[in-house]
Amino acid sequence: MTQLLRVQNFNVSSDGIGAGEDQTLERPFGHVDPGQLFAWAGATASWPMRTEPGGSRGLDDYLTRDYPRNIGAEIMGRNKFGPVRGPWQGDEWRGWWGDEPPFHTPVFVLTHHERPPLTLSDTTFHFVSGDPATVLAQAREAAQGKDVRLGGGVSTIRQFLDADLVDTLHVTVSPFKLGHGLRLWDSPDELLDRFHMDVVPSPSGVTHHLFWRK
């Protein structure tokens, strides 16, 4: 079976911005409040970080549940792993997620500064500097027949889109503008030369954009 490269539950504003500028340790999304972008998922019954019972069912919950389905590895950009720039300063920084990262698979972190792998619980982070096709080949081998998730951020998704390696995308558009930041697109129509697209509005107010390769 074909191993897909999938973008899942990626969140942007109505003007296409998926993250802010000036990332710091205290502000992983820069000037953007991630609570705005992730509110639809955080309200669902299947939100993995939910600490209380309850939550919504329906379309949003279905897509939240789909996040780990048949995923055997993830690729992410260095900025998603942490705020450190340039050469690594020892091994003190171990990611935003503590000792129990939510991935539960091998994760390939794109960086110009390779370092030894880091294992936390059942997640191993590999720090790699190859081109998109090379890194995807490594991730597919590690995924052992399952799909690979392209986790972001914005620049990483654009890099793999430009290399024409992405098979499916699920992008959730929230009904507010951010004005400036890291922009996934000016319009989702930009992808229609390579992808089919379904647009599905949710009662929560967001709109789910589902793309699959032509």
Side-chain angles (χ1 to χ4, degrees), residues 3 5-12 17-39 41-42 44 46-52 64-132 134-144 146-160 181-182 184:
Q3 289 178 279
L5 180 61
R6 297 157 52 190
V7 175
Q8 293 178 277
N9 295 5
F10 195 77
N11 303 275
V12 300
I17 292 170
E21 300 159 343
D22 303 320
Q23 182 191 54
T24 65
L25 176 62
E26 295 76 19
R27 300 187 305 171
F29 279 73
H31 75 279
V32 168
D33 175 10
Q36 285 185 294
L37 292 175
F38 288 94
T44 65
S46 299
W47 180 241
M49 287 174 278
R50 173 170 294 284
T51 57
E52 299 178 357
T64 302
R65 291 201 314 272
D66 191 54
Y67 184 76
R69 179 185 58 82
N70 197 45
I71 294 295
E74 169 151 341
I75 297 169
M76 67 172 63
R78 180 169 173 175
N79 290 2
K80 182 174 177 179
F81 181 76
V84 181
R85 303 293 186 266
W88 299 96
Q89 305 299 315
D91 59 358
E92 294 87 357
W93 181 255
R94 296 157 66 86
W96 303 106
W97 307 279
D99 292 332
E100 297 287 340
F103 306 104
H104 313 296
T105 67
V107 176
F108 292 80
V109 181
L110 300 176
T111 175
H112 295 298
H113 302 276
E114 296 187 3
R115 56 181 276 193
L118 169 66
T119 298
L120 297 171
S121 185
D122 58 355
T123 298
T124 296
F125 295 95
H126 302 271
F127 302 90
V128 295
S129 60
D131 60 87
T134 299
V135 173
L136 178 56
Q138 291 176 291
R140 281 178 168 155
E141 182 177 2
Q144 298 183 345
K146 294 184 177 181
D147 294 340
V148 176
R149 181 170 51 231
L150 183 59
V154 173
S155 299
T156 299
I157 291 176
R158 289 300 327 178
Q159 187 177 358
F160 280 77
L182 301 180
L184 181 66

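Values reported hereafter were calculated over all heavy atoms of this structure, with side chains retained and with hydrogens, waters and symmetry mates removed.
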Aromatic rings F125 and W97: how do their planes relate, parallel, tilted or perpendicular, breaks at 30° and 60°? parallel
Is the side chain of [X] donor-acceptor paired with the backbone N or O of [Y] at a distance under 3.5 Å, no angle test?
| X | Y | answer |
| --- | --- | --- |
| T111 | E114 | no |
| R50 | T44 | yes |
| W93 | F81 | yes |
| Q23 | P28 | yes |
| R6 | D147 | no |

Answer whether the closest heavy-atom distance between the side chains of [X] and [Y] falls below 4.5 Å.
| X | Y | result |
| --- | --- | --- |
| L118 | F127 | yes |
| V128 | L110 | yes |
| P117 | H126 | yes |

Quick check for you: to the nearest 0.5 Å, what is the distance between T156 atom OG1 and I75 atom CD1?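 So the OG1 of T156 and the CD1 of I75 are separated by 9.0 Å.
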Nearest 0.5 angstrom please: Q3 CD to L136 CG, how far?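 These two atoms lie 8.5 Å from each other.
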How would you list, by chain and number, every residue that makes a salt bridge (Lys or Arg N to Asp or Glu O under 4.0 Å) with R27, sequence neighbours excluded? none
For the student: nearest non-hydrogen atoms of [X] and [Y], plus distance:
| X | Y | answer |
| --- | --- | --- |
| A19 | I17 | O-CG2, 3.3 Å |
| I71 | A73 | CG2-O, 3.5 Å |
| S46 | R65 | OG-CG, 2.8 Å |
| L150 | I157 | CD2-CA, 3.9 Å |

Partner of F103 by side-chain contact (heavy atoms from CB on, under 4.5 Å), out of T123, L120, D122: T123
So for atom CD, which belongs to Q36, do other residues, nucleotides or ligands contribute more than 12 heavy atoms lying within a distance under 6.0 Å? yes
D131 atom CG, over 12 foreign heavy atoms within 6.0 Å: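 Result for CG/D131: enclosed.
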In terms of side-chain heavy atoms, does H31 have a donor or acceptor partner in D22 at a distance below 3.5 Å? no
Where do F10 and V154 land on the side-chain contact (heavy atoms from CB on, under 4.5 Å) test, with the steps shown first? CA-CA 9 Å; F10 195 77; V154 173; 3.8 Å; yes
Under the salt bridge (charged side-chain N to carboxylate O under 4.0 Å, His left out) rule, what pairs show up with a residue in residues 68-86, not counting sequence neighbours? D66-R69, E74-K80, E74-R149
Excluding sequence neighbours, so at least two apart, what forms ring pair (Phe, Tyr, Trp, His ring centres under 6.0 Å) with F160?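 Testing F160 for ring pair (Phe, Tyr, Trp, His ring centres under 6.0 Å), a comparison that skips the adjacent residues, returns none.
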